[in-house]
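Quick note: residue numbers are just sequence positions, from 1. Computed from heavy atoms alone, side chains included, the values below leave out hydrogens, waters and symmetry copies.
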Amino acid sequence: PDRFQRYLTKVSMVIRLMGKALRDLHDQDVIHGNVSVHNCGKFGERWKLTGLSGARFVGDLFETSSAGENSPPEAVVSTRSSGKNVASLQATIKADPSIDIWAFGKMMYEALTGEKLIDFKSSNTIEDQEALIALGEWDEGSLCEIVGNLEDLGIGMLGVDLITHCLAPFSDARPKNMQEILKHPFWKDTQRKGNFSSHRMNNSEQMEI
């Protein structure tokens with residue numbers, strides 16, 4: 001438990017830095033559009049949010065093909081064809097903070113659990129109908145599943161609350177901005193527990209010596 005808590009503290013620190021970078025972008029009315037663990041890079045001693053080439057101003061249009069599996073549920077369109085559900089991404093979606101907030105929650109879940117939120121098996125998102133349908137049909141039941149996964153790993157209720165709010169099925173149910181996310185008590189609670197865990201491990205090592 002102590003080792004996991006230390007891991008949780010370190011990962012959360014990096015995720016929070018990415019949250020601050022997103023907040024600064026949004027303060028300039030810029031939406032990243034493809035937030036993911038792959039767009040977090042360490043340069044020397046500093047962590048930075050990368051992949052900004054596709055960023056758009058609020059209200060402009062994103063090509064959803066650039067975000068792929070990091071697109072929010074509202075980017076998916078479902079139709080019926082030959083008696084089957086067929087899902088596809090809208091060609092474009094309007095740039096809005098809720099897009100980044102969904103992707104931030106997805107990144108947070110995947111970084112903490114080591115598991116994909118939705119397992120896209122193809123790099124070409126549109127070819128993976130099963131995963132695309134799961135994204136388009138994301139609902140409260142989907143949230144209940146990830147709550148179970150997070151609790152099984154030992155993520156406390158504050159972490160569960162933050163992640164599930166970011167991953168709300170409807171954009172208007174997500175946090176309104178990154179500042180709201182950064183003020184969530186999860187961050188301070190995780191830091192406090194991490195400090196306590198480190199102190200316990202140090203004392204244990206001293207006793208063994």
Would L112 and V11 count as a side-chain contact (heavy atoms from CB on, under 4.5 Å) if you check the C-alpha gap in whole Å, the side-chain angles of each, and the deciding distance to 0.1 Å?
-> CA-CA 7 Å; L112 294 178; V11 172; 3.7 Å; yes
Is the backbone of W187 close enough, under 3.5 Å, to the side chain of Q191 for a donor and an acceptor to pair up by distance?
-> no
Expected output: side-chain N177 to main-chain E180 donor-acceptor under 3.5 Å = yes
Starting at [atom1] of [X], measure out to [atom2] of [Y] and round the result to the nearest 0.5 Å.
| X | Y | atom1 | atom2 | value |
| --- | --- | --- | --- | --- |
| E145 | L150 | CD | CG | 12.0 Å |
| L117 | S36 | CG | OG | 13.0 Å |
| K188 | R16 | NZ | CZ | 8.5 Å |
| W138 | W102 | CH2 | CH2 | 5.0 Å |
| L162 | F186 | CG | CZ | 6.5 Å |
| T50 | N34 | OG1 | CG | 9.5 Å |

Shortest non-hydrogen separation from [X] to [Y] and the atoms involved:
| X | Y | result |
| --- | --- | --- |
| E110 | K116 | OE2-CA, 3.6 Å |
| G54 | R56 | O-NH1, 3.1 Å |
| S71 | A75 | CB-CB, 3.9 Å |
| L143 | A168 | CD1-CA, 4.4 Å |
| G105 | C166 | CA-CB, 3.6 Å |
| A87 | Q129 | O-NE2, 2.7 Å |

Between K121 and E130, does at least one N-O distance fall below 4.0 Å, as a salt bridge requires?
-> no
Please determine if D189 and R192 form a salt bridge, counting it only when a charged side-chain N lies under 4.0 Å from a carboxylate O.
-> yes
Hey, are the side chains of [X] and [Y] touching, using non-hydrogen atoms and a 4.5 Å cut-off?
| X | Y | result |
| --- | --- | --- |
| T92 | F62 | no |
| E137 | N85 | yes |
| I99 | I93 | yes |
| I15 | C40 | no |
| I118 | E69 | no |

Can you sort out the partners of M157 under side chain to side chain contact (heavy atoms under 4.5 Å, CB included), two or more places apart, ordered by chain and number?
-> E151, V160
L22: partners by side chain to side chain contact (heavy atoms under 4.5 Å, CB included), with sequence neighbours left out = L25, H26, H32, V35, L49, D100, F104, M178
How about H184: does its NE2 atom have over 12 heavy atoms from other parts shown lying under 6.0 Å from it?
-> yes
Whether over 12 other heavy atoms sit under 6.0 Å from K176 NZ = yes
same_hphob_cluster([X], [Y]) at 4.5 Å side-chain heavy-atom cutoff:
| X | Y | value |
| --- | --- | --- |
| V14 | V37 | yes |
| L153 | L158 | yes |
| I181 | F170 | no |
| L52 | I101 | yes |

CA sep, side-chain torsions, deciding dist, call: T9, M13, side-chain contact (heavy atoms from CB on, under 4.5 Å) | CA-CA 6 Å; T9 302; M13 179 186 70; 5.8 Å; no
Apply side-chain contact (heavy atoms from CB on, under 4.5 Å) to V76 and S88, showing your working.
-> CA-CA 6 Å; V76 179; S88 61; over 6 Å; no
List the steps and the verdict of side-chain contact (heavy atoms from CB on, under 4.5 Å) for I146 and T164.
-> CA-CA 8 Å; I146 68 167; T164 53; 4.2 Å; yes
Kindly state each residue pair satisfying salt bridge (charged side-chain N to carboxylate O under 4.0 Å, His left out) with at least one member in residues 154-174, sequence neighbours excluded.
-> E74-R174
